[in-house]
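This report concerns only the one structure given below.
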Amino acid sequence: MTPRTERPPLGQTFQRLVPFARPHARGLAAAIAAYVAVGGTEVLIPELLKTALNDGFAQQGAFSLWAVPAVLIGLFAIRGIFGFLGQYLLHWTIGRTVLDLRQALMDALLRAQATYYVKLPGGSAVTQVVSDPQQAIQLLGQASITLLRDGLPALAMLGYLFFMNWKLTLMTLVTLPVMAVVLKQVNQRVRRVGSAAYDAQITLSSVVDDAARAWKLIRSFDAVPFERARFADAATQVRRQTLKQVAANALSQPLSQLIAAVGLSAIVSMALYQGRVEGSTPGDFAAFCTALLLLMSRARHLAEVAQPITNGLIVAQGCTALLDVPAERDPGTGTLPECRGDLQIQDLRLQYEGSAAPALDGLSLHIPAGHTVALVGPSGAGKSSLIHALQGFAPPSGGRILLDGYDTQSLTLNEVRRRFAVVSQDIVLFDDSVMSNVAYAQNPNPARVEAALRDAALWDFVQSLPEGLHTRIGANGSTLSGGQRQRLAIARALYRDAPIWIFDEATSALDTESERAVQEALTRHQGQKTVILIAHRLSTVRHADCIFVMQAGRVVESGTHSELLALGGFYAHWVTLAET
Ligand code: ADP
């Protein structure tokens, strides 16, 4: 997995997140109101202290004794209630925002253009959709809690201090810009090392992901020492970067505290001077100190808030990168009321981004509805590219594909794709029951599911499973053999009510008996479905109505098995090779 290198500024990332929180602004406003109430009560603490010290110790106290506990307990009860409400409401807002963000990310993933998947490092989609939003919003949310919980009382306290003694308070403000400059520098370093630590962590996950996914390949290549070394490098990098991050974080706190201490000592000296010259009372002094200490403790928390915000925004960049992936283009608007499955391909050209030679180079062929055709040719001839182009996964750079006479470019992608049922070389199955895999994304009809499984020569096996059709098959069908996975994918294609079936090396992992059973099933549907077979086995292609031999992105020969044999060209040569 390659670490994400190019990143937008953090402010921009923040702006991208705002729209996800906006619909829940009422929750946020209520949380702020609750924290404002908490802040208001805090101001009363030094005021109470002042009253108690100035009036409470006199022989004839200015207020009765029971008032002290009543006011104190009442005050903290109110603080507790509003503090709880503030935290609860803020987390409510965070939860809703994460949900919306995740949904938007999943939508972006589901509609991303094909090139995104070609370049997608293993596991990163899961990180971007599942962990990143939670982590980012959690970090930012915690920081917001601190900002509200400490920022609002700090502001209230500052107002109170100005009211009490503006000269002293002004002095405290002198220290703030100094603090800001130092903190900015520290924060920049925290951000840099935070980025590096995150990248290192992603690289490490990717190495482990590779090792788990490719475990067979690794052992067959005797690459265990190589992978071990790769892991050791990545793990060391994580250790180094994490330590740097810890050091940078740890440094930020003492530095800000030191600045605070310098400011505090200047302020206390000034207060003592005022006491001697202007005759202020010890009660005033105690109240000022209490208010100042309360303000300092709040300010200390506020100084720590920059780090989670920065870290949260760094993580959020992973999500916003996914939000920015362009969606698949779907300019067509037409629909087909009915589709027979007649395919006409005219002078089709396709060249992948960054590749020197075209994958399809003026390919033309006609497949009448209900015909079974085979595509044969060497690897790299463009067979799979043709299938991709038919389904609109690879937009052609020239030529046309006509479906029942309609140019597929004028139809919506959905309209085109639902006409094809494809079994491709890489089998994709879902971690769900056999039934749900066969009737994927549809309401299952058990009788039709059974028929599809019978046609795919898998019914006997499914019946032997402990829960039959309802047995779960594990991630990507991990509990099945290669042949069983392939037959399940075939059953899924057969179940789909599409006029065109495409089998791209779909029976390569089947034994002769299963392959014959699948062939027979296809023969039963002959005439009703247009079938395109891509195969390297002679037994699969020889009965096709027409065989197209492809080379370098074009059709070089076409005809029935016997016609092509008589021609004595590529096909005849291929058959000779296949039979020897
Ligand atoms: P076949 O299915 O006949 O083996 P393909 O259609 O897979 O052939 O490939 C045709 C050509 O296009 C090959 O040269 C291959 O390297 C290239 N190709 C296939 N997929 C891509 C891709 N995603 N990006 C770049 N080139 C590709």
Side-chain angles (χ1 to χ4, degrees), residues 1-2 109 111-122 124-125 325-329 343 345-365 367 372-401 408 413 416-417 420-428 486 489-490 493 500-510 530-542 544 546-559 564 569-571 573-575 577-578:
M1 191 186 295
T2 37
L109 183 73
R111 54 160 220 259
Q113 63 182 14
T115 47
Y116 167 74
Y117 293 99
V118 176
K119 296 176 194 156
L120 188 70
S124 84
V325 173
E328 192 174 46
R329 284 195 67 239
L343 268 177
I345 292 153
Q346 297 175 343
D347 197 24
L348 197 65
R349 287 164 200 282
L350 190 153
Q351 183 145 7
Y352 291 102
E353 215 181 278
S355 90
L360 297 177
D361 190 14
L363 179 110
S364 297
L365 54 90
I367 310 172
T372 298
V373 302
L375 301 177
V376 297
S379 174
K383 304 179 293 292
S384 299
S385 298
L386 172 61
I387 305 304
H388 289 160
L390 285 177
Q391 296 178 86
F393 289 124
S397 45
R400 297 198 302 170
I401 300 167
T408 51
L413 283 175
V416 174
R417 286 176 187 162
F420 294 93
V422 185
V423 188
S424 65
Q425 294 171 39
D426 359 295
I427 305 293
V428 178
Q486 213 164 39
I490 293 173
I500 304 165
W501 286 348
I502 298 178
F503 292 81
D504 183 356
E505 285 293 341
T507 50
S508 57
L510 301 195
T530 304
V531 181
I532 303 174
L533 302 167
I534 299 179
H536 288 301
R537 285 196 197 167
L538 188 54
S539 56
T540 315
V541 302
R542 67 187 310 156
C546 185
I547 299 163
F548 296 100
V549 182
M550 286 179 63
Q551 211 171 35
R554 296 168 200 213
V555 173
V556 287
E557 284 174 14
S558 64
L564 289 178
F570 283 104
Y571 184 77
H573 180 62
W574 179 67
V575 170
L577 287 181

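We count residues from 1, following the sequence as given. Order of appearance sets the numbers: ligands from 1, and atoms from 1 within every ligand. For clarity, every value in this text was computed on a predicted model and none was experimentally measured.
Shown are Leu350, Ile401, Ile345; of these, the side chain to side chain contact (heavy atoms under 4.5 Å, CB included) with Leu363 is made only by Ile345.
Protein residues with a heavy atom under 4.0 Å from ligand 1 are Tyr352, Ala359, Pro378, Ser379, Gly380, Ala381, Gly382, Lys383, Ser384, Ser385.
Judged purely by atom type and a 3.5 angstrom limit, Ser364 uses its side chain to pair as donor or acceptor with the backbone of Asp347.
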Can I get a per-line list of side-chain donor-acceptor pairs under 3.5 Å for residues 373-389, giving both atom names and the distance, sequence neighbours left out?
from	atom 1	to	atom 2	distance (Å)
Lys383	NZ	Gly377	O	2.8
Lys383	NZ	Pro378	O	3.0
Ser384	OG	Asp504	OD2	3.3
Ser385	OG	Tyr352	OH	2.9

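In this structure the side chain of Leu343 reaches within 4.5 angstrom of the side chain of Ile532, judged on heavy atoms. The shortest side-chain heavy-atom distance between Gln113 and Pro326 falls under the 4.5 Å cut-off.
Atom CD of Glu557 and atom OH of Tyr571 lie 10.0 Å apart (nearest 0.5 Å).
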